[in-house]
Amino acid sequence: MDFFEQMEARIPHGEVRTRFAPSPTGYMHVGNLRTALYTWLIARRHHGKFILRIEDTDQGRLVEGAVDVIYKTMAECGLTHDEGPDVGGPVGPYVQSERRDLFGKYAKLLCEKGGAYYCFCQKSDEEESGGETGEIKKHVCACRDLPLEEAKKRVEAGEPFVIRQRIPHEGTTTFHDASFGDITVENKELEDQVLLKSDGLPTYNFANVVDDHLMGITHVVRGSEYLSSAPKYNLLYEAFGWEIPTYVHCSPVMRDAQHKMSKRHGDPSYEDLIREGYLTEAVLNYVALLGWSPKGENAEREFYTLSELAEIFDISGISKSPAVFDINKLRWMNAEYMKKLSPEAFFAKAEPVLKTVITNPAIDLRAVAALVQTRCEILSDLPERVDFIDKLPEYSTELYVHKKSKTTLENSLSSLQAVLPVLEGLETWTNESLYDALVALAAKLEVKNSVVLWPLRVAVSGKASTPGGATELCALLGKEESIARVKAGIALLQK
RNA sequence: GGCCCGUUGGUCAAAAGGUUAAGACACCGCCCUUUCACGGCGGUAAUAUGGGUUCGAUUCCCGUACGGGUCACCA
C-alpha cells in the first residue's frame, strides 16, 4: 500500500462529516459563529461528526493565544467537536501547518494525473495588471504544454517552480450547491490557479480540497465569497477522482444593506456581545435565525435551544440573500432570555454587575436583581438602572411634576411632608406594609394614590425611571435611608 | 469591466401558480398600573421595475435597475 492508499484508507465513510475551519484571529466574527453553528447543526442533525480544523497557514497573521480563543468560544457555545487538534481523531493532524508535507505530494500526484502542471514563470513576469483598461489578465504560459518528463527534470535541477491547476479551455463546469442550486460557468472564465506556491506551501484553495477529502468531509459549509471558486474545486476533485462533497454556501451577515459586518468598522464580534452583556444562548438563537428559517409548523416559532435546532435544522431553510444584523432584535431576544432565567440563574449573572455600582452591604442584592430582571435587556443596562441605590443623585425638582399623576411642586411638597411621619411611625418595613400605609394616607388626604406615591418615588431615587415603584424602592433602601431621602426632598422643594 | 449570485414592509422573514401576502423586532395608539418597564389589545407598513408564459403570477422565463461576491504564489 503506497502513501496515497494509506491516506485513503483512513477516511471514514458512511457518516455525515462536517468541519469548521477557522483561522486563529483571536476573536469570533458573528458571521463565522453562524457558519460554525450551521456546520455543527448539520452534523448533529444527521448524527454525524463535527470536526474542528485550525487553518493557520497564514503565518503573517498569527495571533498569540488565538487558538485557545477558538476552543473557549466553541465550548461556551456548546458547539462541541468530535475531532480536532485537542481531542484527536482518525484523520489528523487537525492543524493545517502540521499537514504541510501532504500538499506537495498531492500536487505532484495531480501533475501525474494531468490535472496540474509545473510552471516555471517568475512571479515578476506577470506582476503587471491590466492597467486602465480594467482588463483582467489571466495567466497563460507555455509551461502548461511542457512535457511532464521535461518539467520534472527542470524541477530536479533545482529550478524554482509552482504547480498550477490545468483547467480545460473549452466547455463548461457545473457545480451544485445545496441552497443555490446548479451553477454553470464557462471554463474559459477560470484561471489556471496556483496550487502549490514556490515556497512549497499550498494555496488556501488547494489545501482546502485536499484536507476536506482526506478528512472525509461530506458537507462543506462556507461563506458565499467562495461561490465563484467552487467550479475550480469541482475540477480539482474530478481530476483526483474524488467524490465531490455537498456544498452549502451561506450569504454574509451584513451591517447594513451594503456592508458586511466587520470588526474593522466597529461591529461587534461574539466576544464583544458577551462583554456587553448578551447571553450566549440568546446570541446563538438570534444568529441561527439570521439567514435561516424553520419550515412548516415551526415557521412562526422563534425560540429554540441548541438541541431543538439540532433536531429540526434543514439546509433548505438557508436563505440565499444577505441578512442585516439587527442589534435591536437581539436586544429584545436577549431580554426574553433574561426573563426566562430562574431568579437564581439571573442573580448569578447579575450579581457581579450589580456589585460594581452597589457597594452598600445593607442592600439586598437578590431583591435588587428580582426587581430588575424584567426591566433590562442586556446585563450592561444594569448599572445605570440601579446606581441611585448607593447614592442619591442630584436631580431637578421638575421630576416632581407629572401630569398623569396630577402632581405639582406644591402638592409634592405637602405629600412628602405628610409621608414623613407615616414612615417614621411604621413598625414593619416591607413593601406590603409601606404600600398599605401610604394608600391609607392618600385616602385620608382624599387624593389619588399617585399624588402620594409619585413624589415619594422621586425623592427616594432622584430618577424619572426606576426599576420599581415607590414602596418597592423604600423597602430596598431601608427605613433610615428612605427617611433621609424624603427629608432631602422636602428641603429641595422648600428652596 | 467580465463572470457569478441576490432583490417580499425600516429589519429578520413565511407563503415552493389561486392566501384578505403570515409571524417577529422596531414604530404608533389604547388598556392595565405605585414611575419606567412587563403584560394585554389594536394599528401603520412589502412582493424593485418592464415585458412575457398562464384562466390566474410573490412564485416560472427574459430584459432593466439596484445591491453583493469574485477575478493573487491572501486566506
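We name chains A, B, ... by the order of the sequence lines, and we start the count at 1 in each one.
- The same atom, P, is picked in B/G69 and in B/G18; the two are 35 Å apart, to the nearest Å.
- With rounding to whole Å, A/Tyr233 atom OH is found 13 Å from B/U70 atom C1'.
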I'd like a table of atom pairs between the protein and nucleotides 57-63 of chain B - only N or O on both sides, under 3.5 Å - with the distance next to each one.
none

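- Sequence neighbours left out, the pairs with a member in residues 378-392 of chain A that pass side chain to side chain donor-acceptor pair (under 3.5 Å) are A/Arg331-A/Asp381, A/Thr359-A/Asp390, A/Asp387-A/Lys463.
- For the pair A/Met254 CE and B/G6 C1', the interatomic distance rounds to 11 Å; values are reported in whole Å.
- Applying the side chain to side chain donor-acceptor pair (under 3.5 Å) rule to A/Asn187 yields the partners A/Thr173; only residues at least two apart in sequence or on another chain are considered.
- Neither side chain, A/Tyr278 nor A/Tyr270, offers a donor N or O lying under 3.5 Å from an acceptor on the other.
- Contact annotation for A/Thr471: base contact, defined as any heavy-atom pair under 4.0 Å involving a base atom.
- Spacing between atom CG of A/Leu371 and atom C1' of B/U34 amounts to 12 Å, rounded to whole angstrom units.
- A donor and an acceptor atom never sit less than 3.5 Å apart when one is taken from the side chain of A/Lys232 and the other from the base of B/U70.
- Side-chain N/O atoms of A/Lys339 include none lying less than 4.0 angstrom from OP1 or OP2 on B/A37.
- Side-chain to base pairing of A/Arg375 with B/C36: one donor and one acceptor N or O lie within less than 3.5 Å of each other.
- Note on A/Arg385: every side-chain N or O is 4.0 Å or more away from OP1 and OP2 of B/C36.
- In this structure, A/Asn285 places its CG atom 13 Å from P of B/C25, rounding to the nearest Å.
- OP1 or OP2 of B/U34 has at least one side-chain nitrogen or oxygen of A/Tyr435 nearer than 4.0 Å.
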- Query: When Watson-Crick pairs (N1 to N3 and N6-O4 or O6-N4) and G-U wobble pairs (N1-O2 and O6-N3) count only below 3.5 Å on both distances, what is the dot-bracket string of RNA chain B, with | for other-strand pairs?
  - Reply: (((((((..(((.....[....))).(((((.......)))))....(((((..]....))))))))))))....
Please list each protein N or O that sits under 3.5 Å from an N or O in nucleotides 7-12 of chain B, with the distance.
| residue | atom | partner | partner atom | Å |
| --- | --- | --- | --- | --- |
| B/C12 | OP1 | A/Val324 | N | 3.0 |
| B/C12 | O2' | A/Leu289 | O | 3.1 |

- Message: side chain to side chain contact (heavy atoms under 4.5 Å, CB included), that's the test. Do A/Leu371 and A/Glu472 meet it? Break it down for me.
- Response: CA-CA 8 Å; A/Leu371 228 41; A/Glu472 290 168 309; 3.7 Å; yes
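- The cationic group of A/Lys340 lies under 6.0 Å from the six-membered ring centre of A/Phe303 and within 45° of the ring axis, placing it in a cation-pi geometry.
- Rounded to a whole Å, the CG atom of A/Leu330 is 18 Å from the P atom of B/A24.
- If A/Ser465 and A/Val185 are placed on RNA chain B by their nearest nucleotide, the residue sitting closer to the 5' end is A/Val185.
- A heavy atom lying under 4.0 Å from RNA chain B marks the following residues of residues 441-462 of chain A, by number: A/Leu453, A/Trp454, A/Arg457.
- Taking the ring centroids of A/Tyr204 and A/Tyr226, they lie under the 6.0 Å cut-off.
- In this structure, A/Asp256 atom CG and B/C66 atom P are separated by 18 Å, rounded to whole Å.
- If you take CG of A/Leu227 and P of B/C4, they are 11 Å apart, rounded to a whole angstrom.
- Among the nucleotides B/C4, B/G69, B/C73, the one closest to any side-chain atom of A/Ile183 is B/C4.
- Checked against the 6.0 Å centroid criterion, the rings of A/Tyr286 and A/Phe325 qualify as a close aromatic pair.
- Checking B/G23, B/A72, B/G67 against the side-chain heavy atoms of A/Glu300 singles out B/G23 as nearest.
- Phosphate contact (OP1/OP2 of B/C3, side-chain N/O of A/Lys188, threshold under 4.0 Å): absent.
- In this entry the distance linking CZ of A/Arg331 with P of B/A37 reads 14 Å, nearest Å.
- Only the P atoms considered, B/G52 is 34 Å distant from B/U44, to the nearest whole Å.
- Closest approach to the A/Arg164 side chain among B/U35, B/C73, B/A75 is made by B/C73 (side chain taken as heavy atoms from C-beta onward).
- Residue A/Ser198 places a side-chain atom within donor-acceptor reach of the base of B/C73, judged by atom type and a 3.5 Å distance cut-off alone.
- Here A/Lys260 lies out of heavy-atom contact (under 4.0 Å) with every strand.
- The shortest distance between the side-chain N/O atoms of A/Ser293 and the OP1/OP2 oxygens of B/A13 is not below 4.0 Å.
- For A/His402 and A/Tyr400, the ring centers sit 6.0 Å or farther from each other.
- In the set B/C3, B/A75, B/C73, B/C3 carries the atom at the smallest distance from any side-chain atom of A/Glu189.
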